[in-house]
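For clarity, every value in this text was computed on a predicted model and none was experimentally measured. Along the sequence shown, residues carry numbers from 1.
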Amino acid sequence: MCKVHAELNRQRHPVARRTVQRLMKAAGLRGVRRTGHPRTTVPAPGPDSRGDLVQRKFSATGPDQLWVTDIERREALFNRVEVKDRHRRPVAAGW
């Protein structure tokens with residue numbers, strides 16, 4: 001809608017933005033929406049086939065029995081990865 005309005009004004013056809021919006025709606029027209037970033041993850045069709053290896057039990061009685069990881073994405077250039085031994089200590093972290 002804004003591009004149509006801008007083009008009409010460039011061609012010296014002064015028209016209100018709301019008029020362009022109303023006429024486009026009446027004609028069944030709408031602008032193409034562009035996403036701000038590419039889609040990098042596309043879900044696979046069908047059910048999730050990955051098994052639950054720990055049966056949803058996230059505790060351990062001793063070291064080196066269960067390790068978990070977490071990835072945090074805060075900004076475009078800041079990713080934090082953390083690996084923990086669920087018994088008592090963090091194993092690794094990186095940015």
Side-chain angles (χ1 to χ4, degrees):
M1 188 261 321
C2 288
K3 288 186 178 186
V4 173
H5 175 259
E7 183 61 28
L8 286 171
N9 282 315
R10 271 194 294 274
Q11 294 178 7
R12 298 178 192 225
H13 298 288
V15 63
R17 191 174 300 221
R18 178 72 176 115
T19 303
V20 173
Q21 184 179 7
R22 182 176 38 82
L23 292 172
M24 286 180 67
K25 185 176 183 179
L29 300 173
R30 63 186 180 122
V32 176
R33 294 179 187 231
R34 295 185 181 139
T35 61
H37 54 284
R39 187 172 178 186
T40 58
T41 305
V42 180
D48 188 5
S49 60
R50 296 171 291 173
D52 185 0
L53 300 177
V54 296
Q55 284 75 41
R56 312 305 294 169
K57 297 176 187 144
F58 295 107
S59 61
T61 58
D64 295 327
Q65 290 180 351
L66 178 64
W67 287 25
V68 295
T69 185
D70 185 24
I71 300 173
E72 295 179 17
R73 186 173 182 106
R74 298 281 174 104
E75 296 176 13
L77 299 176
F78 177 72
N79 295 324
R80 183 171 187 259
V81 179
E82 195 173 79
V83 179
K84 291 183 179 180
D85 179 353
R86 290 302 296 165
H87 180 63
R88 75 171 81 105
R89 68 184 196 278
V91 177
W95 285 266

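- Side-chain N or O atoms of H5 include one that pairs as donor or acceptor with a backbone N or O of V15 at under 3.5 Å.
- Remark: K25 NZ to R18 CZ distance equals 7.5 Å, nearest 0.5 Å.
- In this structure, CD in Q21 is found 12.5 Å from CG in L29, a value given to the nearest 0.5 Å.
- The line from CG of N9 to CZ of R17 is 8.5 Å long, rounded to the nearest 0.5 Å.
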